[in-house]
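This report concerns only the one structure given below.
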There are 2 protein chains.
Amino acid sequence: MNPALKSILLYIHPLPESILEEIDLYFQEQTFPKNHLLLKEGRPCQYLWFMEKGAARYFHTTEEGKEANVWFSFDRDILASAPSFANQSPTHESIQLMEDSTLFAISFHDFHRLLQKHHTFALWYIKLIEKFYITQIEDRIGDLQFLSAKQRYEKLLLLFPDISNRVSLGHIASYLNITQETLSRIRAGKM
Amino acid sequence: MNPALKSILLYIHPLPESILEEIDLYFQEQTFPKNHLLLKEGRPCQYLWFMEKGAARYFHTTEEGKEANVWFSFDRDILASAPSFANQSPTHESIQLMEDSTLFAISFHDFHRLLQKHHTFALWYIKLIEKFYITQIEDRIGDLQFLSAKQRYEKLLLLFPDISNRVSLGHIASYLNITQETLSRIRAGKM
DNA sequence: TGTAGTTTTTGATGTACATCAAAAGTATTT
DNA sequence: AAATACTTTTGATGTACATCAAAAACTACA
């Protein structure tokens, strides 16, 4: 098994070697170029990905046809539209790569079979949701509700100190739910 | 087993009768008066509750000592601070009842044992998270990010048509992340 | 190295909402 | 029914951000 994949899987929660070997059969390594659309609005999210190396943004398309970023993922992170993957329903959010990226993919079908077959894998998945989803998303809501634009930006920098080098100002501003102009002024110390 | 509890459990996902009977041993029916604090900031969330009948608000306490509502729960809903229950870590959000309420409670300890013991129960819990948490919370973020105060209010009314009769204007405004004055003006058609 | 395309910055103006202050309405207690 | 406390409304003013327009600074590649 690819050591990078193995370390991501085990970081979430221990899994016995026998199951790891079985899981390995279902994961496919994929590389995509910068700007590749991993998941498109309206389609069900059929894969769960692990990002070995790269960067991605999740975004909504508003009624006026504008894009609004709602999430970022970088190296060693998990990627999927959680509600769409869970229900195999059309996704509201698209996922696009912002760098050339290497990923490991498992299909919903295979994933679902592993859940049904192995109690241990179901417990592992519960940990995955708790660790990568529940905790992070509650923080995000709190930030939007309680922090000013400047505070949100400062918190993002704490979380991803090198984000300015990897992601354009426009994409960061969109994620913070402010305009490019406002973020530019925050950076210049004018707010 | 109490029929109300049974119907809530089965609504989430089917469970075999044998496990239902075992679960029943661990659930306690509780009634509390209006204003009772079910969960207090700083404590771990040690129970998962099912609300048979009643109303509750989740709130944060800001640095200036003000309270800000982040969620409501009514009849036949699930209650817990998800991140705190999952990790048994101190909660950032408190839960308070807004009406006299009847609940069923199960402790984290018992819940965890059921997860470890029964594969079926683990799969049921995954459904619970997917249905009651993932879908709802993504919506909430989208609303805060993309809708105006008025649109957020209208959407809340669609979801809970009778909320105005059960919850004070101040509590609703706080949940919508606006001031009481603004909500009053929205209601009066002045915005 | 120059030219076109993109990203970022700067300035002027507008607006959705907050804040502050007070009045009006409702519910609760005596 | 009067007194008290709480909730909701109204009005005046303030502010954090958006929007619009254009200049400046990077980036790419012919």
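Please read these numbers as outputs of a predicted model, since none were measured by experiment. First the proteins, then the strands, lettered A, B, ... as listed; each starts at 1.
Among the protein residues, B:Ser168 comes within range of the sugar-phosphate backbone only, with heavy atoms under 4.0 Å from sugar or phosphate atoms but none that close to a base.
Taking the six-membered ring where the residue is Trp, B:Phe32 and B:His36 present parallel rings, their angle staying beneath 30° rather than reaching 60°. In this pair, A:His119 and B:His119 present their aromatic rings parallel. The plane angle is below 30°, not in the 30 to 60° band. Using a 30° and 60° split on the angle between ring planes, A:Trp124 and A:Phe121 fall in the parallel class, below 30°. Under the 30°/60° scheme for interplanar angles, the aromatic rings of A:Phe72 and A:Phe74 are found to be tilted.
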query = Which nucleotides of nucleotides 12-28 of chain D have their base under 4.0 Å from a protein heavy atom (B), which only their sugar-phosphate (S), and which neither (-), written as one string 5' to 3'?
reply = B----SSBBB-------
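As a whole-Å value, the separation of B:Gln180 CD from D:dG11 P is 18 Å. Computed from coordinates, the B:Arg187 CZ to C:dG25 C1' distance equals 14 Å when rounded to whole Å. Separating the NZ atom of A:Lys190 from the P atom of C:dT8 is a distance of 15 Å, rounded to the nearest angstrom.
Summarising the hydrophobic clusters (Ile, Leu, Val, Met, Phe, Trp, Tyr; side-chain heavy atoms under 4.5 Å, direct or chained), the residues clustered with A:Leu158 are none.
Taking B:His112 as the reference, B:Phe108 meet the ring pair (Phe, Tyr, Trp, His ring centres under 6.0 Å) condition, with sequence neighbours excluded.
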